[in-house]
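What you see below is based on every heavy atom in this structure, not just the backbone, and it leaves out hydrogens, waters and symmetry mates. Lettering follows sequence order; numbering is per chain, from 1.
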Protein chains: 2
Amino acid sequence: MNVMNDSPRRKELIRLAAQLFVQEGFDRTTVRMLAQEMGIKSGSLFHHFRDKQEILAAVIEEGTQNALTLARAALDDAGSDPLSRLHVMARAHLDTLLTDRNAHVVALYEWRRLDDAARDHLTHLRDAYERLWNDVIDEAIEAGLVAGDRALVARFVLGALNWTVRWYDPDGPRSPEQLADELVNMLTRRS
Amino acid sequence: MNVMNDSPRRKELIRLAAQLFVQEGFDRTTVRMLAQEMGIKSGSLFHHFRDKQEILAAVIEEGTQNALTLARAALDDAGSDPLSRLHVMARAHLDTLLTDRNAHVVALYEWRRLDDAARDHLTHLRDAYERLWNDVIDEAIEAGLVAGDRALVARFVLGALNWTVRWYDPDGPRSPEQLADELVNMLTRRS
DNA sequence: ATCAAAACCAAGCAAGCGCTAGTGTAACTG
DNA sequence: CAGTTACACTAGCGCTTGCTTGGTTTTGAT
């Protein structure tokens, strides 16, 4: 089993799996469906992945990793102004959320299907990401841009942002960037 | 098959099913698990429900119906002041969400498992509920309490509220009412 | 040209799935 | 008291599931 590489082939398989997991849900996606979508037979699948769960973990890791990378880059490019840091963070979040949409929907809906080991690993990744958010919100509160408890604000904001995967239409009139700006606009107080 | 009554027995079965659906997910909850939890054999289950999907639909209907009833009552009791209407609506939402938690978690996570007929019926229920929210937010915007596009604000707010089921701890320091108030506080502009 | 590693396939196993059929029984109803 | 209804039981059918096995082809470095 060639389990631990990250060949382009594997990346492609993960992308296809993500799509199927969104369409059907993890439990209803059979290894036969996955194999067919990938153009191989179901037995061959287990050459690339130890078991079905590992495919799920790979999908979620891919998405979370991307989000983390993008957010860090965005924060590096942003200055030290709390408001603009809030803006770039919201934009980066919606950007990955809606371009890597499949992976993130899977992460949101199928998290509980992960086995303990994978969940543990991915929890660390996600925590690293949320720490970025907490810092940005801390700065915003300190600067008087937002009111409320740090932890609470972070959760409300992330909730509002993550909820977009349930209704956002990429062909609609609004870009992810506009969406992000409108949210920031909504919750900052311009005195 | 005694399918269409709403006996107390059936209500209890639905409550147990909701709990299992949350713990295991709909697909992983077998009719045998459901039966055991209910203290009967798997075959007997189909005396109460036509099939497994009907149990899911019943769980979700129960939760949504409660939410709708509670929200209507809350709005009736509230005056015509836009801010207080916003408050009672947020409180009512978090109240059902966190007391009828199982049913609502199922509704959020397993919606796609509904068959077409059930989904159609329940979509109407949910739309009726969301219409209440839209009206309240319309009034808040008109009164200058909140800034932004009606549809967008509603979605952000509902996202923030619904997200609470992922992190709220009933044994924690905050009551659902406090939570609701802090959210409203966060997004209204006090000039 | 050689050969190991990587990728794949055909076939199928053991377990578990939703659901049905047919029966028993106790409590109501006329 | 006969007939009906509500609810539960046992037994198992037909099918699908994730995964394994044992063997074959493809690839690519030497």
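- Side-chain atoms of A:Arg28 and A:Met33, non-hydrogen and from C-beta on, never get closer than 4.5 Å to each other.
- Remark: B:Arg112 engages A:Tyr109, A:Glu110 in a side chain to side chain contact (heavy atoms under 4.5 Å, CB included) (not counting sequence neighbours).
- For the segment residues 21-30 of chain A, no residue has any heavy atom less than 4.0 angstrom from an atom of DNA chain C.
- Distance CD (B:Gln36) to P (D:dC9): 12 Å, rounded to an integer number of Å.
- In this structure A:Ala92 satisfies the side chain to side chain contact (heavy atoms under 4.5 Å, CB included) test together with A:Leu70, A:Ala74, sequence neighbours excluded.
- Side-chain contact of B:His93 with B:Asn162: a donor-acceptor pair under 3.5 Å is present, judged by distance alone.
- The bend of the helix from C:dA1-D:dT30 to C:dG30-D:dC1, defined by the angle between the axes of its first five and last five pairs, stands at 20° to the nearest 10°.
- Applying the salt bridge (charged side-chain N to carboxylate O under 4.0 Å, His left out) test to pairs two or more places apart or on separate chains, none has a residue in residues 125-134 of chain B.
- Distance CZ (A:Phe46) to P (D:dT20): 7 Å, rounded to an integer number of Å.
- For the pair A:Arg113 CZ and D:dT17 P, the interatomic distance rounds to 16 Å; values are reported in whole Å.
- Listed by chain and residue number, nothing satisfies the ring-ring contact (aromatic ring centres under 6.0 Å, His included) test with A:Phe156 (two or more places apart in sequence, or in another chain).
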Protein-proximity profile, nucleotides 8-14 of chain C, B/S/- by nucleotide at the 4.0 Å heavy-atom cutoff, equals SBS-B--
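- Summarising the geometry, the separation between CZ on B:Phe49 and P on C:dC19 is reported as 13 Å, rounded to the nearest angstrom.
- Looking at residues two or more places apart in sequence or on another chain, you find no side chain to side chain donor-acceptor pair (under 3.5 Å) involving B:His124.
- Judged as a ring pair (Phe, Tyr, Trp, His ring centres under 6.0 Å), not a single pair has a partner in residues 51-91 of chain A (not counting sequence neighbours).
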For residues 147-155 of chain A, which side-chain donor-acceptor pairs fall under 3.5 Å, sequence neighbours excluded?
residue  : atom : partner  : partner atom : Å
A:Asp149 : OD2  : A:Ala151 : N            : 3.4
A:Asp149 : OD2  : A:Leu152 : N            : 3.3
A:Arg150 : NH1  : A:Asp138 : OD2          : 3.2

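- Atom pair A:Arg50:CZ and D:dG18:P shows a separation of 18 Å (rounding to whole Å applied).
- The distance from atom CG of B:Leu34 to atom C1' of C:dG16 is 15 Å, rounded to the nearest whole Å.
- Identified under the side-chain hydrogen bond (donor to acceptor under 3.5 Å, both in side chains) test for residues 30-44 of chain A, with sequence neighbours left out: none.
- For A:Gln53 and D:dG18, the CD to C1' distance is 11 Å, given to the nearest whole Å.
- Residues passing the side chain to side chain contact (heavy atoms under 4.5 Å, CB included) test with A:Glu142, sequence neighbours excluded: none.
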